[in-house]
Amino acid sequence: MAARRFDPGRRQRIIDAAIRIAEFKGIAALSHRTVAAEADVPLGSTTYHFASLDDLLVAALEQVTREPSSAMTDWEDVLAEVGRPAPADGAGPQAPEGRGLALADALTRLLDEYAHGGRGRIRLEYELYLAALRRPALQPVAAAWCDEMARILARHTADEATARVLVALIDGLLLQLLLTDRPFDRQAVRSALARVTGEP
């Protein structure tokens, strides 16, 4: 009987393969067989590390929301500029004099970047996020993602309730962005966000 080859990175390769399949083909294309083929591992390896597809999806969603390229990291980087004076050369959005960069402007910038950049990663995040509607095992991870988004925003709002309303609004705006081919209306988006933030 041949000795089993030690492969400490196999579990991670399986998760990475599942993420690639979900990103380029959708969650419907995920199975133990397709993931094993994508990861170039024996079929039994996927069931050894993940007894069910839900277990694998939980691991994938946890990784996607924690990666440096996740939307959460983008938010933290851009929101760190809220309240700082706008660049003197006029680059970027201009907040009222003396008030620094407005929260509505910072969030509009983020959504604008999603609209005009590659949407694959944000589409993947939302596909995994929405999979929780029919997969209870994913719901705690999706809820934690919402809570983390609200926590980040709450640093820049009057209270947590306002932050959670912003999260709900941004979710809706991003889903409409992903589901339609309409051009990004920066002014309308900024206006909607400002109604929640209370900024002029």
Side-chain angles (χ1 to χ4, degrees), residues 58 60-133 135-180 182-200:
V58 166
L61 180 55
E62 288 177 337
Q63 177 167 312
V64 164
T65 57
R66 292 172 184 169
E67 285 178 344
S69 59
S70 74
M72 214 77 73
T73 304
D74 291 343
W75 282 32
E76 289 191 289
D77 290 346
V78 173
L79 293 179
E81 301 176 30
V82 171
R84 294 180 183 173
D89 62 3
Q94 298 288 326
E97 185 176 354
R99 296 186 62 181
L101 181 66
L103 177 58
D105 287 319
L107 294 173
T108 301
R109 181 198 301 178
L110 279 168
L111 296 179
D112 196 4
E113 289 173 358
Y114 291 145
H116 295 100
R119 300 186 189 182
R121 178 54 50 152
I122 192 69
R123 183 178 289 110
L124 168 64
E125 290 180 8
Y126 271 89
E127 182 153 8
L128 289 168
Y129 176 55
L130 292 173
L133 289 171
R135 296 177 181 268
L138 289 175
Q139 290 172 4
V141 185
W145 189 30
C146 290
D147 290 343
E148 178 66 6
M149 294 169 79
R151 183 187 65 79
I152 292 169
L153 282 174
R155 300 171 187 162
H156 308 282
T157 60
D159 50 44
E160 184 181 348
T162 302
R164 290 193 176 277
V165 172
L166 274 176
V167 170
L169 174 59
I170 290 167
D171 274 343
L173 291 170
L174 282 175
L175 284 172
Q176 288 184 15
L177 179 66
L178 292 172
L179 293 171
T180 69
R182 297 171 189 163
F184 182 78
D185 188 334
R186 185 183 181 91
Q187 184 175 355
V189 168
R190 202 275 181 198
S191 177
L193 292 166
R195 290 187 183 193
V196 178
T197 63
E199 295 164 318

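Basis for what follows: all heavy atoms, side chains included, without hydrogens, waters or symmetry-related copies.
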If you round to the nearest 0.5 Å, how far is [atom2] of [Y] from [atom1] of [X]?
X: His156; Y: Glu81; atom1: NE2; atom2: CD; result: 10.5 Å
X: Asp112; Y: Asp185; atom1: CG; atom2: CG; result: 10.5 Å
X: Leu110; Y: Leu173; atom1: CG; atom2: CG; result: 12.0 Å
X: Leu61; Y: Arg135; atom1: CG; atom2: CZ; result: 12.0 Å
X: Gln187; Y: Arg190; atom1: CD; atom2: CZ; result: 10.0 Å
X: Thr157; Y: Leu103; atom1: OG1; atom2: CG; result: 7.5 Å

What pair of heavy atoms forms the shortest contact from [X] to [Y], and how long is it?
X: Thr108; Y: Phe184; result: O-CZ, 4.1 Å
X: Ala104; Y: Thr197; result: CB-OG1, 4.0 Å
X: Ala163; Y: Ala150; result: CB-O, 3.5 Å

**Request:** Only counting residues at least two apart or in another chain, list the ones meeting side chain to side chain contact (heavy atoms under 4.5 Å, CB included) with Leu130.
**Result:** Leu133, Leu175
**Request:** Name all residues meeting the side chain to side chain contact (heavy atoms under 4.5 Å, CB included) criterion together with Asp147; count only those two or more places apart in sequence or in a different chain, and write none if there are none.
**Result:**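 Asp147: side chain to side chain contact (heavy atoms under 4.5 Å, CB included) contacts with Arg164.
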**Message:** Given 3.5 Å as the limit, does a donor-acceptor pair link the side chain of Glu199 with the main chain of Ala102, or not?
**Reply:**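 No; judged by distance alone, with no hydrogens or angles, the pair does not exist.
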**Donor-acceptor under 3.5 Å (Glu62 side chain, Val141 main chain)** =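 Side chain of Glu62 to backbone of Val141: no pair is present.
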Below 4.5 Å, heavy atoms only, C-beta onward: do [X] and [Y] meet side chain to side chain?
X: Leu138; Y: Leu128; value: no
X: Arg109; Y: Leu101; value: yes
X: Leu107; Y: Val78; value: no

**Prompt:** Heavy-atom count around Arg151 CZ within 6.0 Å, excluding the residue itself: above 12?
**Reply:** yes
**Item:** Thr162 versus Asp159, side-chain donor and acceptor atoms under 3.5 Å
**Value:** yes
